[in-house]
Engineer: 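Okay, here's the structure, questions in a sec.
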Amino acid sequence: VQLQASGGGLVQAGGSLRLSCVVSGFTFADYTIGWFRQAPGKEREGLSCMRGSDGHTYYADSVNGRITISSDSAKNTVYLDLNNLQPEDTAVYYCAADTRYHHMVHSILFGASTPDYWGQGTLVTVSS
C-alpha cells in the first residue's frame, strides 16, 4: 500500500491549492482515504475523508467549508481543494488510508486513533 501526496507550495493569503494523493497497491474501492495536516509545533489535525466504495465524504467542522475532497477512481487519485487559504493553514498535509471508514472518521474527529497507511506529506505555506 502506497500513498503519494503532492501539490503543496507557497500561496498568498486568499489563494487556493489542489492537493493530490495517488494511491497504489490496493483496490481504491476497499479503502477510505483521509486528509490530515500538521502545523509546526501543533498536533495533527484531521480534515476530511472519502469512502472509496461509494464516494461518501466526511468533513471536520473546523474547516468551515473551505475544503473539498474528491476523487478520480480511474487515476486512483483523491484530491483536496483548499480555498481562501490563510497563514494559519500553513502545515504539512498528509493523506492516509484505512479499510475502516468509521475508524478514519474517528481519527479525524478525535485524533486518538491512527489510520493504517500514510503518505509522505506535502508542505503548504501561506504568506500574509
Side-chain angles (χ1 to χ4, degrees):
V1 176
Q2 291 187 332
L3 301 98
Q4 181 79 31
S6 63
L10 175 63
V11 62
Q12 290 187 332
S16 300
L17 279 176
R18 166 170 273 198
L19 307 183
S20 300
C21 177
V22 178
V23 304
S24 61
F26 60 92
T27 302
F28 183 77
D30 293 339
Y31 281 75
T32 293
I33 307 301
W35 282 97
F36 298 78
R37 68 184 180 186
Q38 188 162 20
K42 295 187 177 181
E43 293 186 352
R44 186 187 76 203
E45 178 185 12
L47 301 175
S48 180
C49 66
M50 173 178 282
R51 185 163 57 197
S53 61
D54 60 4
H56 186 73
T57 60
Y58 176 83
Y59 292 93
D61 289 341
S62 62
V63 296
N64 291 328
R66 294 191 297 119
I67 69 170
T68 303
I69 192 170
S70 61
S71 69
D72 184 337
S73 59
K75 296 182 179 180
N76 285 340
T77 301
V78 176
Y79 303 100
L80 188 72
D81 291 312
L82 309 172
N83 299 304
N84 190 24
L85 285 162
Q86 301 301 315
E88 54 266 32
D89 295 315
T90 294
V92 177
Y93 285 70
Y94 299 89
C95 55
D98 200 284
T99 56
R100 301 160 292 177
Y101 172 76
H102 291 97
H103 183 77
M104 182 68 76
V105 172
H106 191 271
S107 299
I108 291 171
L109 272 174
F110 304 115
S113 55
T114 302
D116 285 343
Y117 304 101
W118 290 84
Q120 86 290 358
T122 184
L123 176 63
V124 173
T125 303
V126 185
S127 62
S128 58

Engineer: With heavy-atom distances below 4.5 Å as the criterion, would you say the side chains of Leu80 and Leu47 are in contact?
Structural biologist: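 Yes - at least one pair of side-chain heavy atoms lies under 4.5 Å apart.
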Engineer: So if you build clusters from Ile, Leu, Val, Met, Phe, Trp, Tyr with side-chain heavy-atom gaps below 4.5 Å, do Leu3 and Val92 land together?
Structural biologist: no
Engineer: Please say yes or no: joined through hydrophobic side-chain contacts below 4.5 Å, possibly via intermediate residues, are Phe36 and Leu109 part of one cluster?
Structural biologist: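 Yes, Phe36 and Leu109 fall within the same hydrophobic cluster.
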Engineer: Specify whether His56 and Tyr101 have parallel, tilted or perpendicular ring planes, treating 30° as the upper limit for parallel and 60° as the lower limit for perpendicular.
Structural biologist: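 Rings of His56 and Tyr101: perpendicular, over 60°.
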Engineer: With the side chain counted from C-beta on, respond yes when Tyr79 and Met50 share a heavy-atom pair under 4.5 Å apart, and no when they do not.
Structural biologist: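 With C-beta onward as the side chain, the pair stays apart.
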Engineer: What's the spacing between Ile33 CD1 and Tyr117 OH if we round to 0.5 Å?
Structural biologist: 11.0 Å
Engineer: When you compare the side chain of Asn83 with that of Leu85, does any pair of heavy atoms fall below 4.5 Å?
Structural biologist: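 Not touching, per the 4.5 Å side-chain cut-off.
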Engineer: Is Asp81 reaching over with its side chain to a backbone N or O of Ile67, donor-acceptor style, under 3.5 angstrom?
Structural biologist: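 It does not hold such a pair.
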Engineer: Shortest non-hydrogen contact from Cys49 to Thr32?
Structural biologist: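 Shortest heavy-atom separation between Cys49 and Thr32 comes out as CB-CG2, 3.9 Å.
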Engineer: Would you say that Ser70 contacts Arg18 through its side chain, given a criterion of any heavy-atom pair below 4.5 Å between the two side chains?
Structural biologist: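 Side-chain contact under 4.5 Å: yes.
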Engineer: Donor-acceptor pair, distance only, cut-off 3.5 Å: does the side chain of Gln120 make one with the backbone of Ala5?
Structural biologist: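 Looks like yes, one N/O pair under 3.5 Å.
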Engineer: Under the 3.5 angstrom rule, does the side chain of Gln4 hit a backbone N or O of Gln2 as a donor-acceptor pair?
Structural biologist: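 Answer holds: no.
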Engineer: Please verify the inter-ring angle class for Phe26 with Tyr31; under 30° counts as parallel, over 60° as perpendicular, anything in between as tilted.
Structural biologist: tilted
Engineer: Among Asp89, Leu19, Leu82, which one satisfies side chain to side chain contact (heavy atoms under 4.5 Å, CB included) with Arg37?
Structural biologist: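 Among Asp89, Leu19, Leu82, the one meeting side chain to side chain contact (heavy atoms under 4.5 Å, CB included) with Arg37 is Asp89.
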Engineer: Distance check, rounded to the nearest 0.5 Å: Tyr94 atom OH versus Trp35 atom CH2?
Structural biologist: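 One gets 12.0 Å once the value is rounded to the nearest 0.5 Å.
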Engineer: Let me confirm one number: the OG-NE2 distance from Ser113 to His106, rounded to the nearest 0.5 Å.
Structural biologist: 5.0 Å
Engineer: Assigning hydrophobic clusters by single linkage (Ile, Leu, Val, Met, Phe, Trp, Tyr; side-chain heavy-atom cutoff under 4.5 Å), is Val1 placed with Phe28?
Structural biologist: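 Linked, Val1 and Phe28 end up in one cluster.
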Engineer: Please report the closest heavy-atom contact between Arg66 and Gln86, naming both atoms and the distance.
Structural biologist: NH1-N, 4.4 Å
Engineer: Does Lys75 offer a backbone N or O that forms a donor-acceptor pair with the side chain of Thr77 under 3.5 Å?
Structural biologist: yes
Engineer: Please find the pair of heavy atoms, one from Pro87 and one from Ser127, that lie closest to each other, and give the distance.
Structural biologist: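 Nearest heavy atoms, Pro87 then Ser127: CG-C, 4.5 Å.
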Engineer: Establish, from distance only, whether the side-chain atoms of Thr125 and Thr90 form a donor-acceptor pair under 3.5 Å.
Structural biologist: no
Engineer: Measuring only between side-chain heavy atoms, which start at C-beta, is Tyr58 closer than 4.5 Å to Ile69?
Structural biologist: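 No, too far: nothing below the 4.5 Å cut-off.
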Engineer: Atom NE2 of His103 and atom CG of Asp116: how far apart are they, to the nearest 0.5 Å?
Structural biologist: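 Going from the NE2 atom of His103 to the CG atom of Asp116 covers 6.0 Å.
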